2 protein chains.
Amino acid sequence: MSAVSTNPADLAEPRATRTALTPDVVLDAALTLFAQRGYHGTALSQIAEVLRVRTPSLYNHMGSKHDLLLTIVDRATAGVLADFHRVVDPADPPVEQLRKATHVYVHRHVTHRREALVVNRDTGSLAEPAVGEMQARRREHEHALRAVIAAGVAAGELRVESPALASFAIREMCVSVARWFSPHGALTAEQVADQYVEFALRVAGHLER
Amino acid sequence: MSAVSTNPADLAEPRATRTALTPDVVLDAALTLFAQRGYHGTALSQIAEVLRVRTPSLYNHMGSKHDLLLTIVDRATAGVLADFHRVVDPADPPVEQLRKATHVYVHRHVTHRREALVVNRDTGSLAEPAVGEMQARRREHEHALRAVIAAGVAAGELRVESPALASFAIREMCVSVARWFSPHGALTAEQVADQYVEFALRVAGHLER
DNA sequence: TGCCACGACGAACGAGCGCTAGTGAGCCTT
DNA sequence: AAGGCTCACTAGCGCTCGTTCGTCGTGGCA
């Protein structure tokens, strides 16, 4: 099928005209390049080049290269947790919680592909204590999803041997969407999210309707 | 559950006593460090330090830093394809092929965690034409798995809307095992592989027994 | 019109990188 | 005992990195 693309150029449009430089513009360019080449594989001179500016000018709009990464990872991981707690209602039946949790998670990874790639690849390049804090956030989401699955099993709605294993599998399955999705493909973010919700429910052993 | 570990130190044991230096020893140390810090995040001086040797000594046993990465990725991707064709018998029913393909794939990612991490993270850091060649191998495996699923759907043994999407989901689910598995955990490679085969069959819509 | 804050710039820094060359110590062979 | 080979070493190369500093042109405001 031609619905998807592995073309990494889907991430980048070389800024043709030189627009006003702001912290957000710098952050956005860094995000694109970090996602493409990785944190250590990206030089500040490359970010400056994309922005049609000399390297030192960047320092008028940022703290340091490390700060860029920290801000990116911080916002991204906070967003995932915010998504989860916004859409998952503890009063809902576990299956419904799993459905909603998976949907936002996939949807975020489709609409925030660059952030997802950077978080998954370069969180380890942060300095302490930031590494620990960011990993703690990921663990929080992981445990929340695991609890939902465990509750579903306890309620007889789901059937898995190990909620932890199922939770790992589902999460990584969703994350990987960022690696192949293309906005130019045949599938919309919504369609992909719906498909992956179905996959997640199957992995979790939801009884067929 | 305490069956798994996210401790990255599971990858590295700092070589206490200085053993004889050989190309394989250098490659192994590079593999460990690349998996931990990434290709661009690893300096040759760090590899040398682990081996209790000065940096230039490495060049008696390797071509260049880039050669190390190339060798690692080359062996790893070739191994995946060899695994697939060794265990998957085209004469088998599609479901059986999917079962075997998933099992070796997970098993390899459990027993070759470092290789998997490096391939997924740093293949893009290779120079042309190596990048293209390695990606072509990954595509070959991807298409082979997709064909198996499509055949299963055609035979009425599996049920998915899009074999491509299911193939993506299953592959990445298996790959991610390298990210959390610990040999010190409660689960053996075989047990994890069996569990993930079950997950894969569920994603592919295999009818429950 | 004069002033001032903003910010892009050239120059340059110290550090670290991958890698090369030449030297000399230890070992095997004869 | 003498020779040659292997290989780890010191020294140092050219380069790029992230970052700092002081200058200077410009646009908004008095």
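Reminder, nothing fancy here: chain letters follow the sequence lines and each chain counts from 1. If you're wondering where the values come from, they're calculated on a predicted model, not measured in any experiment.
Atom-to-atom, CG of A/Leu44 to P of D/dT19 comes out at 6 Å; the value is rounded to the nearest Å. When the C1' atom of C/dC19 is taken as reference, atom OH of B/Tyr59 falls 4 Å away, rounded to whole Å. Atom-to-atom, CZ of A/Arg54 to P of D/dC21 comes out at 22 Å; the value is rounded to the nearest Å. Rounded to whole Å, atom C1' of C/dC17 lies 13 Å from atom CD1 of B/Ile47. Residue B/Asn60 contributes atom CG, which lies 15 Å from atom P of C/dG22 at whole-angstrom precision. Summarising the geometry, the separation between CE on A/Met62 and C1' on C/dG7 is reported as 14 Å, rounded to the nearest angstrom. Rounded to a whole Å, the NE2 atom of A/His61 is 16 Å from the C1' atom of D/dT19. Nucleotide C/dG16 holds its P atom 20 Å from the NE2 atom of B/His40, rounded to whole Å.
A sub-4.0 Å separation between OP1 or OP2 of C/dG16 and a side-chain N or O of B/Ser45 is absent. OP1 and OP2 of D/dC7 both lie 4.0 Å or more from every side-chain N or O belonging to B/Ser57.
Side-chain contact annotation: B/Glu190 with B/His103, donor-acceptor N/O pair under 3.5 Å present. No side-chain donor-acceptor contact under 3.5 Å links B/Arg37 and B/Thr42. A donor atom on one side chain and an acceptor atom on the other are not found under 3.5 Å apart for A/Ser167 and A/Arg146.
Under a cutoff of 6.0 Å and an axis angle of 45°, A/Lys100 and A/Phe84 do not form a cation-pi pair.
Using a 4.0 Å heavy-atom criterion, one finds that B/His66 contacts no nucleic acid atom at all. At the heavy-atom level, A/Thr22 lies nowhere under 4.0 Å from the strands shown. Among the protein residues, B/Thr55 comes within range of no part of the nucleic acid, since none of its heavy atoms lies under 4.0 Å from any strand.
For B/Arg138, the CZ atom counts as densely surrounded, since its 6.0 Å shell holds more than 12 non-hydrogen atoms of other residues, nucleotides or ligands.
Each of D/dT10, D/dG18, D/dT19 was ranked by its minimum atom distance to the side chain of B/Pro56; first place goes to D/dT10.
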